[in-house]
2 protein chains.
Amino acid sequence: MGKRHISLKDLAHELGVSISTVSRALKNHPDISPEMTKKIKALAEERNYTPNPLAMGLLRQQTKMIGVIVPDINTHFYSSIISGIEKVAKEHGYFIVITSSNESMQKEIESVENLLKSRVEGLIVCLSQETNDFTHFEKLIRNEIPLVFFDRVCEELEVPAVLANGQDATKKITQHFFKNGCKRIAYISGPEHLNISQNRKVGYLNGLKECGLEYDQDLLIHCNLSIEDAKLATQKLLRLKNKPDAIFGVNDTIAFAAMIEVKKQGYKIPDDISLAGFTDEFHSIVVDPPLTSVSHPTFQMGEEAAKLFFESIEKETNINKKVMLPIDLVVRESSVKKQ
Amino acid sequence: MGKRHISLKDLAHELGVSISTVSRALKNHPDISPEMTKKIKALAEERNYTPNPLAMGLLRQQTKMIGVIVPDINTHFYSSIISGIEKVAKEHGYFIVITSSNESMQKEIESVENLLKSRVEGLIVCLSQETNDFTHFEKLIRNEIPLVFFDRVCEELEVPAVLANGQDATKKITQHFFKNGCKRIAYISGPEHLNISQNRKVGYLNGLKECGLEYDQDLLIHCNLSIEDAKLATQKLLRLKNKPDAIFGVNDTIAFAAMIEVKKQGYKIPDDISLAGFTDEFHSIVVDPPLTSVSHPTFQMGEEAAKLFFESIEKETNINKKVMLPIDLVVRESSVKKQ
DNA sequence: TTGAAAGCGCTAACAG
DNA sequence: CTGTTAGCGCTTTCAA
């Protein structure tokens, strides 16, 4: 049990002045005499006075809290995004309350409710992979509660959002594979209804087209984003009689699951099968062979999301701005055949 | 800008009763007539009333916030611990404010200050690797602000803490290496002043002794916990004229850096050099070869830390309880020589 | 059975 | 230049 914090009242008592005098002195109000101001500030300093945010919040009706909902907190991808959000929030004197939906729509809905109960001033959200109904967000919009999406968004809703250019990325990967001699390029995607899955599929198809390759639907697999499901998807690809000579996965988990499975079945990477994924630097270089990948600008994504948030909190009106971040392809050994 | 939340006053006005009646009805006070209670509850439900935590906090002098300081937020290790803390906090109706010291003592000190300014009710902390002065924590103790350490602790301070049994773990690793034919077992440790480094060193030395191996100080290297430094440390080991035949690293980063470096220099794992580390499941199986490792019970560590926190908040007195969690060795390919 | 009033810490309009 | 007062939303004692 911490001791009670010092309050304006305490300071006022001690100096035999009124609370408002202390309050004013501390914010350099011109009405207060210089000597008084000095005296008060000295005592405040000595007693280690800091204003009680609860009282301020009650007065101003603001908590300076932002609710953040991510599908999974235990991945570098999201924790890096969270760091970005946190940085910008801090600059604005806000702090963030992080919750995880665990990829469940039900938990996402509960998170929204709980965060609102905690009086967060708004939400920054990455949708769970299950989320296909948006009434819990529509309610927010109706009540003019600031909302920003990142990465996985609902495109029907007029909500500011930060996106990575996955379409461009998958196109680049496809072309890169083709240039390295691959003809049967497989893609393990995420749940079909997610915008990221859709965009990246478009990029994949465009890439194929530009390379003059035909689209074979056997080579495009949707899977939920678990390691088990990704392994199954990989096995399915490897059972095809006309096997792929390249595979790319839509995120870390899938890329690694594919890598494990491909190796397990005795195929050489990249000579038998080339591999690429969406991952961060660290993970890509830790595996063997180092994984060609497009690295999400995660930290920056978090920053941008938070910036959008503060824009919509300042302009007291709904904005509907989309920020698109570029993604770069980093070529490593897993996709460059030695032949 | 969100609409104003509904308040007791709003409900009271609408029903033409007093605020206190509404307040009482909502908490089933026996004084209020059943019909009144019912009516009030119905309206509260309809209007979606939730109590304003700011007002409650101001009244009760509690924020229901716990400050958490970790050295680095972007690792599975810490994010998993945080999840554990979060789970228990939630069960108690608390939420957590996470900050990262980025392994800097200065930032750690600032974090403590900022969190106190935000009126967190207490702190759960893992020390930065730099921290060798504890006045910022002593101040907390003097003011009876609940404090719990996990993993990296200050042993001089009487603070409840959760620890993993690193001493036992390193002993097991050492013995395991020996059983697999290794005679020159190297250990890349963390900064010397950290308790985890010290404990694990003791385990290492005990392990050597029990195996009848002599301690060679060339084989014990301290490094700061960056990937670059870990690579340098590995290079140093590999330059010894009497090279190690086994290396283990004190955490994920170091284990992987060592693996990369060992491979790079053309040594076969495990046949030339066996490897082991402290990592989590996922990372261990993603690398090649799969890494023998002791896996920290991270989530559990977070849970225990939070439990300790609530113990010390409930008993209104300083407690000094240490919780020691067991660590298991999981043997994988990186340490089992084939010969 | 219900209401009025005080107080948690703070600010700001209004008095003096 | 400084003090008084009301009020943010809530609980709780005291009064009716």
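Convention: sequence-line order gives letters A, B, ...; per-chain numbering from 1.
The ring pair (Phe, Tyr, Trp, His ring centres under 6.0 Å) pairs that include a residue from residues 115-144 of chain A are A:Phe137-A:Phe149, where partners are two or more places apart or lie in different chains. Residue pairs meeting the side chain to side chain donor-acceptor pair (under 3.5 Å) criterion with at least one partner in residues 85-95 of chain B, sequence neighbours excluded, are B:Lys87-B:Glu303, B:Tyr94-B:Glu121.
Considering only residues two or more places apart in sequence or on other chains, B:Glu14 meets the salt bridge (Lys or Arg N to Asp or Glu O under 4.0 Å) condition with B:Arg47. A search for salt bridge (Lys or Arg N to Asp or Glu O under 4.0 Å) contacts involving B:Lys107 returns nothing, not counting sequence neighbours. For the side-chain contact (heavy atoms from CB on, under 4.5 Å) test, residues two or more places apart in sequence or in another chain that qualify with A:Lys9 are A:Ser7, A:His13, A:Ile19. Applying the side-chain contact (heavy atoms from CB on, under 4.5 Å) criterion to B:Asn48, with sequence neighbours excluded, gives A:Lys139.
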**Q.** Verdict with reasoning, A:Thr99 to A:Ser111, per side chain to side chain donor-acceptor pair (under 3.5 Å)
**A.** CA-CA 7 Å; A:Thr99 62; A:Ser111 278; 3.3 Å; yes
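For DNA chain D, the outermost nucleotides in 5' to 3' order that have an atom under 4.0 Å from a heavy atom of chain B are D:dC8 to D:dT13.
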List the atom pairs, donor and acceptor, that lie under 3.5 Å between side-chain atoms in residues 21-30 of chain A and the rest of the protein, sequence neighbours left out.
{"residue": "A:Thr21", "atom": "OG1", "partner": "A:Ser18", "partner atom": "OG", "Å": "3.0"}
{"residue": "A:Asn28", "atom": "OD1", "partner": "A:Lys41", "partner atom": "NZ", "Å": "2.7"}
{"residue": "A:His29", "atom": "NE2", "partner": "A:Asp31", "partner atom": "OD2", "Å": "3.4"}

Would you give me the side-chain donor-acceptor pairs under 3.5 Å for residues 50-72 of chain B, sequence neighbours excluded?
{"residue": "B:Thr50", "atom": "OG1", "partner": "A:Arg119", "partner atom": "NH1", "Å": "2.8"}
{"residue": "B:Asn52", "atom": "OD1", "partner": "B:Leu54", "partner atom": "N", "Å": "2.7"}
{"residue": "B:Asn52", "atom": "OD1", "partner": "B:Ala55", "partner atom": "N", "Å": "3.4"}
{"residue": "B:Thr63", "atom": "OG1", "partner": "B:Met65", "partner atom": "N", "Å": "3.4"}
{"residue": "B:Thr63", "atom": "OG1", "partner": "B:Arg119", "partner atom": "O", "Å": "2.5"}
{"residue": "B:Asp72", "atom": "OD1", "partner": "B:Asn74", "partner atom": "N", "Å": "2.8"}

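Across residues 34-47 of chain A, A:Met36 each have a non-hydrogen atom less than 4.0 Å from an atom of DNA chain D (numbered order).
At C:dG3, one or more side-chain N or O atoms of B:Ser18 fall inside 4.0 Å of OP1 or OP2 (strictly under the cut-off).
Taking the side chain as every heavy atom from C-beta outward, B:Leu225 and B:Pro191 approach each other to under 4.5 Å.
Counting non-hydrogen atoms of neighbouring residues, nucleotides and ligands closer than 6.0 angstrom, the NZ atom of B:Lys322 exceeds 12 such neighbours.
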Q) What string of B, S and - do you get for nucleotides 6-16 of chain C 5' to 3' if you count protein non-hydrogen atoms under 4.0 Å? A) -BBBBBBBB--
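With the end axes of the helix from C:dT1-D:dA16 to C:dG16-D:dC1 each set by five pairs, the angle from one to the other reads 60° at 10° resolution.
Side chains of A:Thr298 and A:Ser80: a donor on one and an acceptor on the other come within 3.5 Å.
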